[in-house]
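Written out below as structure tokens is the structure these notes cover.
Position 1 is the first residue of the sequence; numbering continues from there. Predicted, not measured: the structure shown is a model, and the values here were computed from it.
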Amino acid sequence: MEENKNNSTPISFTKSDTDQTQTPDYNPYGSAPSTGFSDPAPYQPSQPLKHSGLGIASFIMAIASILIGVISIIMFFTAIGSLISTRNEYLIEDPAYIEELIMGGAGSFMGSIVAVIVSVGITFVGLILGIIGACSKQRRKVFAVIGIILNGLGVMGTVVFFIFSIAVFSAGASALSGY
């Protein structure tokens with residue numbers, strides 16, 4: 001037999017315990033062995049996630065909608081208060097006085113209606129932006145979720161406000177028809 005000239009270990013053609021190519025879990029690409037049904041590792045960003053711009057916009061729209069809604073409720077009750085502030089029965093029987101009350105309160109009623117319409121529009125846009133912001137995967141969802149909750153409350157408040165307005169107007173119309 002010839003002597004090995006490069007002083008390395010001899011080549012063996014038998015299966016050894018250190019031969020990794022013959023083991024069933026050997027992966028030549030260096031990743032962890034697959035167990036079959038395991039989920040891949042979740043996305044780990046190198047930087048912290050930024051807040052969703054759409055979520056922040058939804059949150060701001062919710063705050064603006066709530067403020068406009070409060071202003072519209074104040075205007076509504078101011079108009080109602082101006083209509084029922086006089087307890088003089090003789091003046092209520094005068095059609096000219098009733099017309100003056102209605103025309104004087106019409107500006108507050110109209111302003112209240114316009115404010116409610118603007119508030120509802122802002123609320124629906126904010127709700128849509130909040131839903132879109134909550135669906136983004138690469139952003140934080142805190143402001144989007146808060147915007148969805150506040151805009152949802154705004155929608156519910158608007159529905160309650162309209163039901164209350166209809167009840168007040170129907171009660172006022174039936175009270176005025178009795179004279």
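S119 and G69 make their closest contact through OG-N, 4.0 Å (heavy atoms, listed as atom of the first residue, atom of the second, distance). In terms of heavy atoms, A62 sits closest to G147 at CB-O, 4.3 Å. When all heavy atoms of K141 and R139 are compared, the pair lying nearest together is NZ-O, 3.5 Å. Of all heavy-atom pairs between P48 and R140, the closest is CB-NH2, 4.2 Å. Shown here for A134 and A144, the closest heavy-atom pair between the two residues is N-CB, 3.5 Å. When every heavy atom of L127 is checked against every heavy atom of G152, the shortest pair comes out as CD1-N, 4.2 Å.
With hydrogens and angles disregarded, no donor-acceptor distance shorter than 3.5 Å links the side chain of K50 to the backbone of Q138. Looking at S58, its side chain does come within 3.5 Å of a backbone N or O of G126 through a donor-acceptor pair.
Under a hydrophobic-cluster definition in which Ile, Leu, Val, Met, Phe, Trp and Tyr are linked whenever side-chain heavy atoms come within less than 4.5 Å, directly or via other members, I56 and L150 are assigned to the same cluster. Taking hydrophobic clusters as Ile, Leu, Val, Met, Phe, Trp and Tyr residues chained together by side-chain heavy-atom distances below 4.5 Å, V142 shares a cluster with I63. Hydrophobic clustering, with ILVMFWY side chains joined whenever heavy atoms are under 4.5 angstrom apart, keeps L54 apart from I146. No path of Ile, Leu, Val, Met, Phe, Trp and Tyr side chains, each step under 4.5 Å between heavy atoms, connects I122 with L67, placing them in separate hydrophobic clusters. Under the 4.5 Å side-chain heavy-atom criterion for Ile, Leu, Val, Met, Phe, Trp and Tyr, V145 and L153 are members of the same hydrophobic cluster.
Donor-acceptor pairing under 3.5 Å is lacking for the side chains of S72 and S112.
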What's the verdict on side chain to side chain contact (heavy atoms under 4.5 Å, CB included) for M61 and T123, showing C-alpha distance, side-chain angles and the deciding distance? CA-CA 7 Å; M61 288 180 144; T123 300; over 6 Å; no

Go through the steps to decide whether V70 and I74 satisfy the test side chain to side chain contact (heavy atoms under 4.5 Å, CB included), and finish with yes or no. CA-CA 6 Å; V70 168; I74 291 170; 4.0 Å; yes

Starting from the C-alpha separation in whole Å, work towards a yes-or-no answer on side chain to side chain contact (heavy atoms under 4.5 Å, CB included) for F162 and V116. CA-CA 9 Å; F162 276 127; V116 166; 3.5 Å; yes

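The distance from atom CD1 of I117 to atom CD1 of I68, rounded to the nearest 0.5 Å, is 12.5 Å.
By the 30° and 60° cut-offs, the orientation of the rings of F143 relative to H51 is perpendicular.
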